[in-house]
Amino acid sequence: MTTNFDSSSFIAKYPDTLIVLLGPTGVGKTNISFKLAEKFTSPIISSDSRQFYKELKIGTAAPGDEELSLFKHYFVASHSVFDVYNAGQYEQDVLKLLGGLFLKHPVALLVGGSMMYIDAVCNGMDDIPSVNDEIRNRCQQLYADNGLDYIQNELKKLDPEHYSQVDLQNPKRVLHALEICMQTGKPYSSFRKGERKPRNFNVLKIGLNRPRPELYERINHRVDLMMEAGLLQEASQFYPYKHLNTLNTVGYKELFDYMDGKCSLDEAVQMIKQDSRRYAKRQMTWFNRDKDIFWFHPDDVGGVVRFIDNVLQKK
RNA sequence: GGGCAGUUACCAAAGUGGCCAACUGGGGCUGACUGUAACUCAGCUGUCUUUCGACUUCGGAGGUUCGAAUCCUUCACUGCCCA
């Protein structure tokens, strides 16, 4: 892990700054976020794609009522697992929110680990329509009935350009491209500009990470705590809705397997730990590509604060 | 003490004379990912090497053979059964 105190590569162009606090699950973002919120008297915007859901409290390690009352949070328990939501909508919602926040606060905090959602806010996403239920179901059905080969071929017909670029082995990606083609009547690739969208505020990314063994130990321990806090009960309430995408979530899907009799409770708990570790790894793979992140150890709160102070003073 | 079965890479487990550095699964590692993303997908996983390839492996030792994880002898350990 590199801890970089050199802020010279950060160039502030705007009066307002969005501090993005990111890192793998379980690394210790929440704690520091409170310190920063206090220090900069800034509200906290969550960029955790599962803490959005008010029903998923324990399994997503969402901030508790006490913390929520102490610090103004956005996008925590803001939606229901029955809602349909995605990164594109999130981008729009956050930008709108920031427009208002920056009128009162020069600094806002975005805290979380959902990679694509963070990128959506920082870099923007192309203007691609959300898929409606009818098209979604139709495509799902095509895939279920005819298999991967078939939807690959359909995509090839409707969007040869994207066909040559997508990971053809990845049904979700192929399916989504196909959905857009079918819904809009235009090739998916025609929407994909891949351009970074301009923002009228500075983005300062602070990454938190720990040595792998340390992180994994924390993740394992946290899962035990979640179980003690009643995760099984929380999950069991949503067992009838386990097919919902919002419930295809680490900490819940494994317990659904237990409820289905596919494994023992102990095995399910082990799986939650394993899946959490893997998620953390995937997060790091994504974050490692982003060279704009300044990395710190979560214990180094002082270092983070000094670094941010230093950067903000330069403005 | 006697009988039978077994010992394969991190784990499980195929392979029973050449196509075997060794199927497959798990785990692990690495990576991809612009909209269902805590999703989904891919590659690697004996050592050295960018590749070609080279080298060392299938409990230990010895042997048979042009050639052994595979056959023989023996030793060790494990499991089951009979005493």
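To find a chain, count down the sequence lines: A is the first, B the second, and so on, and within it residues start at 1.
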For a 4.5 angstrom cut-off between non-hydrogen side-chain atoms, does Leu247(A) reach Lys242(A)? no

May I have the distance from Tyr90(A) (atom OH) to U34(B) (atom C1'), rounded to whole angstrom? 16 Å

Any idea which of U34(B), G31(B), C29(B) is nearest the Arg212(A) side chain? C29(B)

NA contact type, Arg196(A), heavy-atom cut-off 4.0 Å: base, sugar-phosphate, or nothing? nothing

What's Asn123(A) touching, base or sugar-phosphate or nothing? Going by heavy atoms closer than 4.0 Å. nothing

From the options A42(B), C39(B), A32(B), select the nucleotide whose nearest atom is closest to the side chain of Gln169(A). A42(B)

Between the base of U34(B) and the side chain of Glu195(A), is one N or O donor paired with an acceptor at under 3.5 angstrom? no

Consider the side chain of Gln274(A), meaning its heavy atoms from C-beta on, and name the nucleotide among A37(B), G27(B), U40(B) that approaches it most closely. G27(B)

Does Lys172(A) make a side-chain N or O approach to OP1 or OP2 of C41(B) shorter than 4.0 Å? no

Measuring only the C1' atom in each nucleotide, how far is C75(B) from C23(B)? A whole number of Å is fine. 31 Å

Contact class for Gly194(A) (heavy atom, under 4.0 Å): base, sugar-phosphate, or nothing? base

Within the structure provided, determine whether Ile118(A) and Phe287(A) are in side-chain contact (heavy-atom separation under 4.5 Å). yes

Starting at CG of Leu175(A) and ending at P of U34(B), how long is that distance when rounded to a whole Å? 17 Å

Proximity to the side chain of Arg50(A) - top-ranked nucleotide from A37(B), A32(B), C39(B): A37(B)

Between atom NZ in Lys242(A) and atom C1' in U36(B), what is the gap in whole Å? 18 Å

On RNA chain B, more 5' by nearest nucleotide between Trp286(A) and Arg278(A) is Arg278(A)

How far does the P atom of G63(B) sit from the matching atom of A13(B), given to the nearest Å? 32 Å

With both distances under 3.5 Å as the test, what is the Watson-Crick or G-U wobble partner of G1(B)? C82(B)

Euclidean distance for C1', U8(B) against U56(B) (whole angstrom): 15 Å

Less than 4.5 Å apart, side chain to side chain, heavy atoms only: is that true for Val94(A) and Phe75(A)? yes

Which residues pass the ring-ring contact (aromatic ring centres under 6.0 Å, His included) test with Tyr117(A), sequence neighbours left out? Phe52(A), Tyr90(A)

Under-3.5 Å donor-acceptor pair between Arg282(A) side chain and C39(B) base: no

Roughly, in whole Å, what's the span from CG in Asn288(A) to P in C29(B)? 14 Å

Checking base pairs now: Watson-Crick or wobble, both atom distances under 3.5 Å. What partners A21(B)? none

Does the side chain of His79(A) reach to within under 4.5 Å of the side chain of Lys54(A), using non-hydrogen atoms? no

When both hydrogen-bonding distances must be under 3.5 Å and the geometry is Watson-Crick or G-U wobble, what is A76(B) paired with, if anything? U7(B)

Could you give the distance separating G59(B) and U78(B) at their C1' atoms, to the nearest angstrom? 11 Å

Of the nucleotides U36(B), C39(B), G31(B), which has the atom closest to the Arg136(A) side chain? U36(B)

Heavy-atom nearest nucleotide on RNA chain B taken for Tyr279(A) and for Asp167(A); more 5' hit belongs to Tyr279(A)

Across all strands, who's sitting opposite C44(B) as a Watson-Crick or G-U wobble pair, both distances under 3.5 Å? G28(B)

Would you mind classifying the nucleic acid contact of Phe191(A) as base, sugar-phosphate or nothing, using non-hydrogen atoms under 4.0 angstrom? nothing

From the list U36(B), C29(B), U40(B), which nucleotide is the closest neighbour of the side chain of Gln140(A)? U36(B)

Rounded to whole angstrom units, what separation is found between the NE2 atom of His176(A) and the C1' atom of C41(B)? 16 Å

Can a side chain N or O of Tyr117(A) be found less than 4.0 Å away from OP1 or OP2 on A37(B)? yes

For atom P, what is the distance between A22(B) and A54(B), given to the nearest Å? 13 Å

Starting the side chain at C-beta, find the nucleotide from C29(B), U40(B), C39(B) nearest to Asn170(A). U40(B)

Apply side-chain hydrogen bond (donor to acceptor under 3.5 Å, both in side chains) to Tyr258(A) and Glu254(A), showing your working. CA-CA 7 Å; Tyr258(A) 159 66; Glu254(A) 299 86 353; over 6 Å; no

Which part of the nucleic acid does Arg192(A) contact within heavy-atom distance under 4.0 Å: base, sugar-phosphate only, or nothing? sugar-phosphate

With rounding to whole Å, what would you report as the distance between U73(B) and G27(B) at their P atoms? 41 Å

Within the 4.0 Å heavy-atom criterion, would you say Gly124(A) contacts the bases, only the backbone, or no part of the nucleic acid? nothing

Have a look at Tyr216(A) and say if it touches a base, only the backbone sugar-phosphate, or nothing, with a 4.0 Å heavy-atom cut-off. sugar-phosphate

Taken to the nearest whole Å, CD/Glu267(A) to C1'/G26(B) is 13 Å

Asn137(A) and Gln140(A): CA distance, side-chain angles, deciding distance, side-chain hydrogen bond (donor to acceptor under 3.5 Å, both in side chains) verdict: CA-CA 5 Å; Asn137(A) 294 336; Gln140(A) 297 278 16; over 6 Å; no

Rounded distance (Å) that lies between atom P of C39(B) and atom CE of Met115(A): 8 Å

Indicate, with a heavy-atom threshold strictly under 4.0 Å, whether Ser130(A) touches base, sugar-phosphate, or nothing. base

Rounded to whole angstroms, how far apart are CZ on Phe52(A) and P on U36(B)? 14 Å

Does a salt bridge link Asp48(A) with Lys29(A), judged by any charged N lying under 4.0 Å from a carboxylate O? no

Between C55(B) and U74(B), how far apart are the two C1' atoms, rounded to whole Å? 29 Å

Could you check whether Thr60(A) gets within reach of a base, just the sugar-phosphate, or nothing at all, counting any heavy atom under 4.0 Å? base

With rounding to the closest Å, how many angstrom separate the P atoms on G53(B) and A21(B)? 12 Å

Exam field: side chain Asp159(A) to backbone Ser189(A), donor-acceptor pair closer than 3.5 Å: yes

